[in-house]
There are 2 protein chains.
Amino acid sequence: MSPAPAVKDDLSPSAPFAGRGRWLEPLRSGAVFIRFRRDSQIVAQDEVSDYCFLIVTGCVRTAMALEDGRRQIGEFLFPGDIVGYDTVGGHPFSAAAVSDVTLRRFRLAAIEAHAMRDAGFAQAMRHFTTAQLRKAHLRFVLLGRGTAGERIAYFMREMEGHMVSSPTGRSALPMKLMDVADYLGLALETVCRGMTASRRAGGAAPSPDVPLPH
Amino acid sequence: MSPAPAVKDDLSPSAPFAGRGRWLEPLRSGAVFIRFRRDSQIVAQDEVSDYCFLIVTGCVRTAMALEDGRRQIGEFLFPGDIVGYDTVGGHPFSAAAVSDVTLRRFRLAAIEAHAMRDAGFAQAMRHFTTAQLRKAHLRFVLLGRGTAGERIAYFMREMEGHMVSSPTGRSALPMKLMDVADYLGLALETVCRGMTASRRAGGAAPSPDVPLPH
DNA sequence: CGCGAGGTTGAATGACCTCAAGCGGTGTGG
DNA sequence: CCACACCGCTTGAGGTCATTCAACCTCGCG
């Protein structure tokens with residue numbers, strides 16, 4: 001029905017996962033495993049960290065807190081994703097465990113050193129950060145121009161494949177509603193209402209009219 | 001006065017310009033100059049471009065348009081900035097000239113090839129994209145959690161040093177209010193009111209209470 | 001002089017937030 | 001084993017901030 005792809009026709013999540021962390025594979029031998037409990041902090045805000053982490057199991061969130069209590073979740077990360085890479089000079093986002101997680105820890109200096117030796121590795125890094133950047137751009141549209149319904153619909157699609165099979169069959173999301181709210185720039189109650197409405201309207205597909213981008 | 005830097009104490013623009021385009025210098029000889037008139041398109045949305053551009057003079061905006069007319073400006077770029085780099089596989093943002101601009105055009109394949117040969121160059125690229133990423137994160141906070149006043153205040157600070165000396169002394173910004181609105185995720189009228197209010201409250205510093213991030 | 005583009009201002013509407021109460025599940029201690 | 005408390009989720013009612021709609025103004029230009 002759409003005549004030309006001159007503009008985006010909806011706000012759906014970017015392709016099935018662009019920037020993952022497989023490029024860290026060559027450094028696997030130099031990495032150690034670390035575990036964090038639910039809600040424990042992995043990297044502090046403004047901390048100058050020497051490490052980055054590849055997620056093995058569990059879910060991690062990055063966040064920036066403001067003095068007055070407002071908070072913005074940067075992203076939710078899952079097995080195969082990397083946290084703490086874009087950190088040169090200290091990153092303003094903290095990272096915390098959403099669920100119990102196991103991570104593989106890499107020394108940033110080692111990554112940098114390896115990139116200086118191996119051009120192919122460096123190229124893989126570039127593709128990774130470039131993909132991150134493109135995801136960020138899409139997020140601008142969502143946060144800048146998306147309605148509450150669109151943000152929630154976007155989020156639900158992003159989370160497809162990351163639902164946890166809870167015993168009671170309750171909310172299958174690994175994170176709390178508060179986290180989702182701070183991820184989407186909405187009030188907790190708005191997220192709750194939106195998800196309820198979308199559930200009533202047929203489970204996965206929240207609203208029929210979702211005019212925001214890929 | 002702030003006890004600890006555990007959280008961000010306001011929403012001011014990131015340090016005096018993090019990711020600029022000086023790293024392209026080594027390829028200068030292979031680049032050609034191009035000019036674009038005000039409002040003409042430089043890169044089309046979803047186009048797979050072979051080039052990126054270093055801005056020499058003028059101002060450029062990147063934007064994503066939605067079918068229904070909504071639009072999000074990605075960023076405003078000034079001399080020394082790069083447009084169209086994070087493009088591998090086609091970028092969803094278009095680029096257009098805000099004012100008459102002169103650009104230096106670089107072939108992406110040439111950049112990539114040079115990065116494979118020169119590890120230092122590749123490192124500079126990494127630092128550039130990393131800085132871009134950090135700027136994007138801050139934008140999340142602004143768009144997700146900032147009030148209209150905070151967004152406008154942030155924008156005004158970002159534009160310091162980019163004011164054009166207009167003959168009439170009118171709005172010294174190079175871009176239209178509509179562009180600013182689509183950059184900040186606000187209505188045009190809201191931006192206008194905000195800027196008027198900030199002007200009345202003392203020129204540059206719009207509002208005394210601006211609790212959002214760097 | 002008339003026209004159009006961009007900017008400014010006012011009034012009314014509405015989307016989302018805030019406040020507040022209530023519910024179900026889980027964990028803890030008596 | 002039950003009572004209680006706490007946490008996270010849900011739902012309702014009311015308020016607020018930004019949007020929407022609309023008029024008017026200014027400037028530059030044909």
Side-chain angles (χ1 to χ4, degrees), chain A residues 37-39 61 66 68-72 98-99 142-156 163-164 166-200 206-207 209-212, chain B residues 37-39 61 68-72 98-99 142-156 163-164 166-201 206-207 209-212:
Chain A
R37 293 215 172 285
R38 190 170 202 270
D39 285 326
R61 66 170 183 261
L66 267 43
D68 58 9
R70 281 178 295 181
R71 196 179 63 141
Q72 176 68 40
V98 167
S99 58
L142 194 73
L143 293 177
R145 288 308 185 187
T147 64
E150 287 166 341
R151 299 186 201 203
I152 292 164
Y154 178 93
F155 174 74
M156 304 277 273
M163 298 301 194
V164 306
S166 81
T168 61
R170 218 83 174 57
S171 92
L173 291 168
M175 70 289 289
K176 301 185 184 59
L177 278 195
M178 190 64 223
D179 289 337
V180 179
D182 286 337
Y183 178 69
L184 298 175
L186 297 171
L188 182 157
E189 297 92 329
T190 305
V191 174
C192 180
R193 279 185 251 266
M195 305 225 302
T196 302
S198 93
R199 229 172 285 144
R200 273 204 260 271
S207 71
D209 38 40
V210 187
L212 282 185
Chain B
R37 292 214 172 287
R38 190 170 203 270
D39 285 326
R61 65 168 183 261
D68 58 8
R70 283 179 294 181
R71 197 178 63 140
Q72 176 67 41
V98 167
S99 59
L142 195 73
L143 294 177
R145 288 306 186 189
T147 65
E150 287 166 341
R151 298 186 202 203
I152 292 163
Y154 178 92
F155 174 75
M156 304 277 273
M163 299 300 195
V164 306
S166 79
T168 60
R170 215 89 173 56
S171 94
L173 291 168
M175 70 290 290
K176 302 187 187 50
L177 277 194
M178 190 64 221
D179 288 338
V180 179
D182 286 337
Y183 177 69
L184 298 176
L186 297 171
L188 182 158
E189 297 91 328
T190 305
V191 174
C192 180
R193 279 185 251 266
M195 306 225 301
T196 302
S198 93
R199 229 172 286 145
R200 273 204 260 273
S207 72
D209 39 38
V210 188
L212 281 185

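Quick note on labels: first sequence line is chain A, next is B, and so on, each numbered from 1. Since the structure is predicted, the reported quantities are computational estimates derived from the model, not experimental observations.
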task: May I ask you to test the B:D182-A:R145 pair for a side-chain heavy-atom distance under 4.5 Å?
output: yes

task: Would you kindly give the NZ-to-C1' distance between B:K176 and C:dG4, to the nearest whole Å?
output: 13 Å

message: As a quick check of understanding, evaluate side-chain contact (heavy atoms from CB on, under 4.5 Å) for A:V191 and A:M178, giving each step before the final call.
response: CA-CA 9 Å; A:V191 174; A:M178 190 64 223; over 6 Å; no

- request: May I have the distance from A:L177 (atom CG) to D:dC7 (atom C1'), rounded to whole angstrom?
  value: 12 Å

statement: Here the distance between atom P of C:dG6 and atom CG of B:D182, to the nearest Å, is 13 Å

message: Walk me through whether B:D39 and B:K176 qualify under salt bridge (charged side-chain N to carboxylate O under 4.0 Å, His left out).
response: CA-CA 11 Å; B:D39 285 326; B:K176 302 187 187 50; 3.3 Å; yes

query: Taking OP1 and OP2 of C:dT8, is either one under 4.0 Å from a side-chain nitrogen or oxygen of B:R199?
result: yes

message: Looking at B:G146, is its backbone amide N or carbonyl O close enough to the side chain of B:R151 to form a donor-acceptor pair, meaning the two atoms are under 3.5 Å apart?
response: yes

query: Hey, mind stepping through A:F155 and A:L173 against side-chain contact (heavy atoms from CB on, under 4.5 Å) and telling me if it holds?
result: CA-CA 11 Å; A:F155 174 74; A:L173 291 168; 3.9 Å; yes

- request: Mind calculating the distance between CZ (A:R70) and P (D:dC17) to the nearest angstrom?
  value: 13 Å

- prompt: Less than 4.5 Å apart, any side-chain heavy atom of B:T147 and any of A:R70?
  reply: yes

task: Using whole Å, report how far CZ of B:R38 lies from C1' of D:dG28.
output: 12 Å

Tabulated below should be each protein N or O lying under 3.5 Å from an N or O of nucleotides 14-17 of chain C; please produce it.
from   : atom 1 : to     : atom 2 : distance (Å)
C:dC16 : OP1    : A:A148 : N      : 2.7
C:dC17 : OP1    : A:A187 : N      : 3.0
C:dC17 : OP2    : A:A187 : N      : 3.1
C:dC17 : OP2    : A:T190 : OG1    : 2.3

- prompt: Whole Å only: how far is the CD1 atom of B:I152 from the P atom of C:dT8?
  reply: 12 Å

- line: To the nearest angstrom, the CG-C1' distance between A:D179 and D:dC9 comes to 14 Å

message: Whole angstroms only, please: what is the CE-P distance between A:M178 and D:dC9?
response: 10 Å

